[in-house]
Every structure is written in structure tokens, then in C-alpha cells.
Colleague: 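If you scroll down you'll find the structure; I have some questions about it.
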Amino acid sequence: MEKFFVEFNEYEPKYIQISNNIKKLINEKRISGGEKLPTIRALAKFLAVNNDTIVSCYKRLVSDGYAVQKVGSGTYVKKRDMISFFKREYSREIKSMISSKDENIIDFTGESNREVIFPIDEFKEVINKVLDRDGAEALINQESLGYMKLRETINEAFWQGSLDIDDLLIVSGAQQGIDIASKAMLNINDNVIVEKPTYTGALSVFKWRRANVFQVPIEEDGINIEQFEKILKKHKIKFFYTMSYFHNPTGISYSWEKKLKILELAQIYDFYIIEDDYLSELIYDDNIQHEPFKKLDVYDRVVYIKSFSKVFLPGIRLGYIINPKFFRDAMMSSKVNTDIATSTLMQRSLEMYIKEGYWKGYISFLKNEYKMRYDLMKRLLEEELKEYVTFIDPKGGLTFYIKLKNKEINSEELFYRLKERKLYITPGSIFYTGTDEGNYSFRLRYSQVKEEDIRRGINIIKEELIKCRI
């Protein structure tokens with residue numbers, strides 16, 4: 001019974017404090033699935049509270065999916081896969097948050113569109129120009145591999161005309177790009193390597209293709225090369241999936257040296273690299289150069305995927321893939337089979353937006369806007385939370401990956417506490433599979449948070465962490 005003891009604070013209702021403690025015991029596996037919880041009367045007597053407090057506590061555990069009540073028998077811990085369960089719970093809570101119209105919500109997950117930083121009038125003008133120029137053709141004509149002029153403009157604007165245009169395909173965002181590449185390259189039981197942690201959308205695709213997924217820990221400048229090569233020596237690897245800039249969730253960017261080493265290993269061990277170039281437009285440190293794996297690839301080993309959705313309007317689902325020549329035909333077939341054609345009006349509008357210089361000006365504006373938020377959040381983390389957390393400075397992107405110094409509370413429990421205060425974070429466990437790693441880390445994304453709410457949000461997090469120490 002001693003493990004159920006709670007030292008009550010004055011900030012929260014007692015039934016919430018008791019339920020939070022029981023959740024912590026369950027998450028830490030100090031209470032097993034199927035185990036019976038103390039009777040209402042026994043726990044109320046032990047904690048010196050009235051029976052109604054325990055009744056409310058147990059109802060909360062049931063509603064949050066941690067317990068089940070059996071008539072005439074009592075309350076039992078629910079049997080479940082804890083990691084999968086929380087991911088489902090997190091998804092449900094985020095959907096609810098996105099649909100909420102409560103203006104007091106602080107979204108540090110970045111999943112909502114509470115603040116759209118985009119020159120709508122400017123883009124509307126571009127769309128009108130396209131419709132005036134192309135008429136009905138802008139709405140009717142379809143090219144399955146992508147609007148040719150957009151492909152040519154991407155080649156000229158971002159790759160100085162160095163690409164074979166047949167190797168560049170337009171897709172509906174990075175997620176579709178990963179799916180198309182996987183369909184083209186993977187067979188059942190093929191082996192792939194990913195970073196640990198990594199983007200859950202990519203993991204879902206690889207598992208759906210029934211691939212065997214090996215994970216390699218990520219360090220401050222990229223994956224652990226020693227562990228990476230050990231896997232390469234033991235297993236035939238089809239490809240390595242990586243986010244080379246501002247990795248999701250850790251914010252890490254690869255060093256030039258590790259990029260070259262991985263490219264060399266790809267040639268030696270005959271595997272390919274799927275490079276998800278994530279948010280590289282948002283580099284805030286002049287010492288970081290944009291040299292993706294693809295730019296350094298002399299072996300034609302890199303599948304390069306770029307989405308415009310993260311820095312453009314999220315609703316405009318556009319991106320592109322650059323293929324190695326070996327997979328050109330397979331990628332084309334996969335693209336056609338996956339998606340007959342991507343929105344032709346949006347492709348034509350994006351092409352004009354890039355070609356006429358709007359894109360360059362918009363990215364410059366966006367970098368200035370987000371850098372102010374980045375600087376503010378970094379300063380607040382260093383000044384207000386240094387006693388409680390550590391983090392690696394990403395020097396760009398839209399997120400900070402936070403690690404809790406102490407184990408008074410895990411990030412899933414912190415998520416629920418913060419949710420009660422209308423603040424949402426992304427616990428690190430979301431980015432891992434089949435492991436308890438990430439339980440004491442979380443991601444903060446500031447793209448949907450104004451500066452005054454960043455200040456308020458960091459203060460709320462600090463208050464909750466202080467409560468855990470009282």
C-alpha cells in the first residue's frame with residue numbers, strides 16, 4: 001500500500017493527484033496490467049481522504065483508459081501495450097485540440113493551424129495570374145509525373161539545372177514521397193535502417209511494407225557510425241532513411257564528415273539513402289551550410305525527398321523526389337500507381353510563385369519571423385528551465401527536443417498535466433517503437449505559438465515541474 005502514498009499539494013484537486021500517482025506507477029510498471037487496485041474504502045483510509053475522492057479518482061483512471069471496473073469485484077489496471085496505448089491516446093487528444101476553438105490553447109505540438117504565417121493576398125494574386133494565363137487548362141490538364149514547368153523550375157531554382165529532369169517527380173508532400181520510394185524499392189522482409197528516434201510516419205510506411213527495421217541511435221552530429229556499420233556487416237540493407245537537417249524530433253543536423261562517411265558506406269555495402277530534407281530552409285546559424293546528402297552524392301545512391309508543405313501552406317500538399325537512375329522506372333510506376341496526378345492548379349501556382357521570386361522573399365520573411373521565436377524559446381529554456389531540463393541547440397528548424405534531468409515525472413504524465421492547463425507538448429515516446437526510451441523527453445514546436453504564448457507556455461511548464469518536486 002505504501003507505493004500509493006501521495007504528498008498532497010495545494011494546487012490541484014486531490015482526486016487528480018491520486019490518479020496521477022497511480023498512472024505514474026502503471027507507466028513505470030510498478031503496477032502490472034490486470035492487477036487489482038485497493039478498495040475505495042481502504043485507499044481512502046490510507047490517504048486520509050473521503051470515499052468520494054477515490055471514487056472520482058477511479059472514474060478518471062477508467063475514462064483515461066488506465067483502468068477497468070468490474071461490477072461486484074473492484075477496479076483493475078487495464079491490460080495493454082503501454083506504448084501503443086499512449087500513441088492512440090495522444091492522437092485522440094491532439095484531434096480534439098485541433099478541432100477546439102478555444103483561443104487560450106497553447107499548441108507546442110505544431111499540429112494545429114492556429115496561426116498561419118503566409119502572404120495569402122500575394123498567393124491569391126499568383127493563382128489569378130495562372131487562371132488568366134492558362135484558363136481551364138490549369139484545372140483540367142494533368143501530368144502524372146508532375147507539371148513539367150514546375151519540375152524545370154525546381155531544377156533551375158534549387159539545383160542550378162544539374163538534374164536530369166526525368167529523375168525529378170512531383171508528389172503530394174514528404175509522406176507520399178516516402179510511400180512512393182518504399183513501394184518502388186522494398187520487398188517483403190527487406191532490411192532498412194532508421195535513426196533512433198525517428199519520424200513515426202516513415203516507420204508506419206516501412207512496417208506496412210513488411211520490412212525489417214533496424215534502429216541506430218542518433219548523436220549530436222548524426223547517427224552512431226560504429227553501430228551503423230555493425231548492422232551493415234551482419235545484414236543486407238536495402239536503404240537507410242534519414243532526416244539530414246533539423247531531424248524530427250531531436251533537431252540534430254548531420255555533420256559534413258558523417259554525410260561523406262555514410263555515402264562511402266552506401267557504396268561499399270550496396271545500399272541506398274532516402275533523404276528527407278526537413279526544414280533546411282530555416283537555418284539560423286551562418287556556420288551551417290545547406291549541403292544535403294544528395295548534393296554530395298557522387299555514387300547516385302540518394303533518393304532525395306523535399307516537401308513544401310512545412311514552410312508553405314500545409315493545405316497545399318506538394319513536394320518532389322529526385323531518384324537514383326537505377327530506380328527511375330520503378331519510381332515512375334510507383335508514382336502513377338499511387339497518385340494519378342497531383343493538383344495541377346497548385347503546381348502551376350507554385351511554379352509561378354518560385355519563378356517570379358515570391359518564394360525567395362517569403363522564405364527570407366519566414367526565417368526572420370521564426371528566428372525571433374527560436375531566440376526567445378532558447379533564452380527562456382536556458383533561463384527558466386535550466387534546473388529541470390537539458391537540450392541541444394538545433395540552430396534552425398521549428399523545434400526544441402527537451403530532456404528531463406530528473407525522474408519525478410515522465411513526459412507522458414507531464415503531457416496530461418499540461419493538457420489540463422490547455423498546453424500541449426509531444427512526449428518523446430511517440431517517436432520510439434517497442435521501447436520505453438523517450439519517457440523522459442519531449443518536443444516543443446513553436447511554429448503555431450505567438451511570442452507572448454511562448455513566454456506563458458514555458459512558465460506553465462516550469463510551474464508543473466516545480467509541483468513535482470514539492
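These numbers come from a predicted model, not from an experiment.
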Colleague: Return the minimal non-hydrogen interatomic distance between Phe400 and Met377, and the atom names on each side.
Modeller: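 In this case the closest contact between Phe400 and Met377 is CD1-SD, 3.4 Å.
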
Colleague: Could you tell me whether Glu384 and Arg379 have a side-chain N and a carboxylate O separated by less than 4.0 Å?
Modeller: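 Looking at Arg379 together with Glu384, the answer is no, because their closest N to O distance does not fall below 4.0 Å.
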
Colleague: Quick one: do Glu464 and Arg417 make a salt bridge, cutoff under 4.0 Å?
Modeller: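 Yes, this pair counts.
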
Colleague: For the residue pair Tyr278 and Tyr199, is the inter-centroid distance of their aromatic rings smaller than 6.0 Å?
Modeller: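 Ring centroids of Tyr278 and Tyr199 are no less than 6.0 Å from each other.
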
Colleague: If you measure from the Lys or Arg side-chain nitrogens to the Asp or Glu carboxylate oxygens, is any gap between Lys306 and Glu275 under 4.0 Å?
Modeller: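 Looking at Glu275 together with Lys306, the answer is no, because their closest N to O distance does not fall below 4.0 Å.
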
Colleague: So that I can tick it off, tell me whether Arg455 and Glu452 are bridged by a salt bridge, with the cut-off set at under 4.0 angstrom between side-chain N and carboxylate O.
Modeller: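 Arg455 and Glu452: not salt-bridged.
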
Colleague: Can you find a side-chain donor-acceptor pair between Gln215 and Thr198 that sits under 3.5 Å?
Modeller: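 Side-chain D/A pair, Gln215 to Thr198: absent.
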
Colleague: Quick check on Arg210: does its CZ atom have over 12 non-hydrogen neighbours (other residues, nucleotides or ligands) under 6.0 Å away?
Modeller: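 Not buried by this count: 12 neighbours or fewer within 6.0 Å.
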
Colleague: Just checking, is any N or O donor in the side chain of Thr109 or Asp107 under 3.5 Å from an acceptor N or O on the other one?
Modeller: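 Judged by distance alone, the side chains do pair up.
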
Colleague: Is any NZ, NE, NH1 or NH2 atom of the basic residue among Lys367 and Glu281 found under 4.0 Å from an Asp or Glu carboxylate oxygen of the other?
Modeller: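 So Lys367 does not pair with Glu281 through a salt bridge.
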
Colleague: Give me the ring orientation class for Tyr304 and Trp159: parallel if the planes are under 30° apart, tilted from 30 to 60°, perpendicular past 60°.
Modeller: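 Rings of Tyr304 and Trp159: perpendicular, over 60°.
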
Colleague: Is it the case that Ser19 and Tyr66 place a side-chain donor and acceptor less than 3.5 Å from each other?
Modeller: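 Absent: no donor and acceptor within the cut-off.
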
Colleague: With a 3.5 Å cut-off and no angle check, do the side chains of Tyr374 and Asp393 form a donor-acceptor pair?
Modeller: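 Checked: Tyr374/Asp393 side chains pair up, N/O donor to acceptor below 3.5 Å.
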
Colleague: Distance to the ring centre below 6.0 angstrom and angle to the axis at most 45 degrees; does that hold for Lys238 and Tyr272?
Modeller: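 No, Lys238 does not sit over the ring of Tyr272.
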
Colleague: Is a side-chain donor or acceptor of Lys335 paired with a backbone partner of Ile170 at a separation under 3.5 angstrom?
Modeller: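 Indeed, once roles are kept as given, a pair shorter than 3.5 Å links the two residues.
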
Colleague: Between Asp453 and Arg456, does any NZ, NE, NH1 or NH2 come within less than 4.0 Å of an OD or OE carboxylate oxygen?
Modeller: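 Between Asp453 and Arg456 there is a salt bridge, with a charged N closer than 4.0 Å to a carboxylate O.
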
Colleague: Would a distance-only check, ignoring hydrogens and angles, find a side-chain to backbone donor-acceptor pair under 3.5 Å from Ser364 to Lys360?
Modeller: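 Not confirmed, Ser364 side chain does not pair with Lys360 backbone.
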
Colleague: Quiz question: by atom type and distance under 3.5 Å, do the side chains of Tyr241 and Asp276 form a donor-acceptor pair?
Modeller: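 There is such a pair (donor and acceptor under 3.5 Å, judged by atom type) between the side chains of Tyr241 and Asp276.
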
Colleague: Compute whether any side-chain donor of one residue and acceptor of the other, for Gln448 and Ser112, lie under 3.5 angstrom apart.
Modeller: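 No pair is found: no donor N or O on one side chain lies under 3.5 Å from an acceptor on the other.
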
Colleague: May I ask you to check if Lys407 and Tyr440 form a cation-pi contact, with NZ or CZ under 6.0 angstrom from the six-membered ring centre and within 45° of the axis?
Modeller: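 Yes.
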
Colleague: Any donor-acceptor pair under 3.5 Å linking the side chain of Lys3 with the backbone of Arg30?
Modeller: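 Answer holds: yes.
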
